[in-house]
Number of protein chains: 2
Amino acid sequence: MDTGDAFDPNCPTRLVLDRIGDKWSVLVLLSLADGPMRFTELRRRVGGVTPKVLTQTLRAMEYDGLLTRKIFAEVPPRVEYTLSELGRSLHEPVAAVTRWAEQNVGRIMGSREAIDHAQ
Amino acid sequence: MDTGDAFDPNCPTRLVLDRIGDKWSVLVLLSLADGPMRFTELRRRVGGVTPKVLTQTLRAMEYDGLLTRKIFAEVPPRVEYTLSELGRSLHEPVAAVTRWAEQNVGRIMGSREAIDHAQ
DNA sequence: ATCGCCAGTATCCATAAGGTACCTATAGCA
DNA sequence: TGCTATAGGTACCTTATGGATACTGGCGAT
């Protein structure tokens with residue numbers, strides 16, 4: 001298996017990029033970086049996510065070993081999501097991209113406005 | 001306008017994250033980091049992208065000021081895509097995520113296999 | 001005379017995302 | 001003895017988005 005070329009569609013690295021490139025995954029990762037959270041907490045924190053999509057995202061991240069899901073046998077039910085070591089190791093690179101976005105949002109919006117204005 | 005909270009769906013930072021989180025944008029950015037490229041060159045380099053989607057991606061990145069599009073009045077036509085200063089500044093953070101993916105692809109695939117095996 | 005090159009469009013279809021409603025069981029309240 | 005609220009989802013339907021394939025135009029080469 002070729003792990004070195006992200007440009008090859010069959011490369012596993014590409015699968016990983018697809019997953020972590022997902023916008024909800026990134027927001028979940030950033031949220032959980034502050035500590036474990038429950039489903040509804042996450043739902044409130046990550047504005048705009050629907051429960052279905054949040055469930056899909058969390059299940060996918062669990063499958064990839066980025067977080068763990070702990071169910072407490074209580075009523076009402078309680079489920080806690082916690083970043084794994086692997087998930088925590090991804091936090092810094094992702095946070096760097098987010099910082100870039102925050103720092104450059106002005107330039108990007110400026111570019112869009114300049115182009116819109118030229119039309 | 002609130003540029004500080006990527007969790008707010010109306011936050012511009014979120015718009016930016018959505019855009020640069022797109023898998024094709026990342027691959028185009030990494031390709032162009034080596035220098036300007038033509039459309040067909042990019043298409044070959046970024047395996048699996050269809051022309052329609054590549055066009056959409058390039059237009060979106062141009063709109064955001066990440067790259068410039070230069071048309072040469074020749075036959076056959078020639079169009080060159082070049083990263084802007086802004087695009088180049090995004091390269092390092094994105095490359096860090098890609099490096100993480102390459103280094104951890106094994107762990108992720110291992111997690112998937114462990115879970116598949118447990119079923 | 002026809003073929004191929006380049007940079008895309010146009011068209012159609014499948015998949016995925018999004019929105020809303022509903023389910024389960026129990027504890028608390030009236 | 002209902003009635004309601006709660007948490008963590010599922011089920012269902014509709015709407016975007018992505019992807020596959022085919023096609024265009026002008027010219028130089030065969």
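From a predicted model like this one, the values you see are computed outputs, not experimental measurements.
Rounding to whole angstrom units, CD of residue A:Q56 and C1' of C:dT15 are separated by 12 Å. Distance, A:L42 CG to D:dG9 P: 10 Å, rounded to whole Å. Nucleotide D:dC27 holds its C1' atom 12 Å from the CD atom of B:E74, rounded to whole Å. Atom CG in A:L54 sits roughly 11 Å away from atom P in D:dG8 (whole-Å rounding). Rounded to whole Å, atom P of C:dA17 lies 11 Å from atom CG of A:D18. Taking atom CG on B:D22 and atom P on D:dT17, their separation rounds to 12 Å, with Å as the unit.
Under a hydrophobic-cluster definition in which Ile, Leu, Val, Met, Phe, Trp and Tyr are linked whenever side-chain heavy atoms come within less than 4.5 Å, directly or via other members, A:V16 and B:L30 are assigned to the same cluster.
Taking the side chain to side chain contact (heavy atoms under 4.5 Å, CB included) definition, one finds that B:P36 meets it with B:E80, B:T82, sequence neighbours left out. A:R14 meets the side chain to side chain donor-acceptor pair (under 3.5 Å) test with no other residue; sequence neighbours excluded.
Taking the side chain of B:V53 as heavy atoms from C-beta on, and the options C:dT26, D:dG19, C:dG19, the nearest nucleotide is D:dG19.
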Polar atom pairs (N or O), protein with nucleotides 2-10 of chain C, under 3.5 Å:
unit_1	atom_1	unit_2	atom_2	d
C:dC6	O3'	B:R38	NH2	3.1
C:dC6	O3'	B:P77	O	2.9
C:dA7	OP1	B:R38	NE	2.9
C:dA7	OP1	B:R38	NH2	3.1
C:dA7	OP1	B:V79	N	3.1
C:dA7	OP2	B:T40	N	3.2
C:dA7	OP2	B:T40	OG1	3.0
C:dG8	OP1	B:R69	NH2	2.4
C:dG8	OP2	B:Y81	OH	2.8
C:dT9	OP1	B:R59	NH2	3.0

Tabulate below the donor-acceptor pairs under 3.5 Å that side-chain atoms of residues 89-99 of chain A make, not counting sequence neighbours, or state none.
unit_1	atom_1	unit_2	atom_2	d
A:S89	OG	A:L86	O	2.7
A:S89	OG	B:W100	NE1	3.0
A:E92	OE2	A:R99	NH2	3.0
A:T98	OG1	A:V94	O	3.1

Would you be so kind as to tabulate the donor-acceptor pairs closer than 3.5 Å made by side chains of residues 47-57 of chain A, with sequence neighbours excluded?
unit_1	atom_1	unit_2	atom_2	d
A:T55	OG1	A:P51	O	2.9
A:T57	OG1	A:V53	O	2.8

Distance-only donor-acceptor pairs under 3.5 Å for side chains of residues 72-79 of chain A, two or more places apart:
unit_1	atom_1	unit_2	atom_2	d
A:E74	OE1	A:R78	NE	3.4
A:E74	OE2	A:R78	NH2	3.4

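Within the 4.0 Å cut-off from OP1 or OP2 of D:dG19, at least one side-chain nitrogen or oxygen of B:W24 is found.
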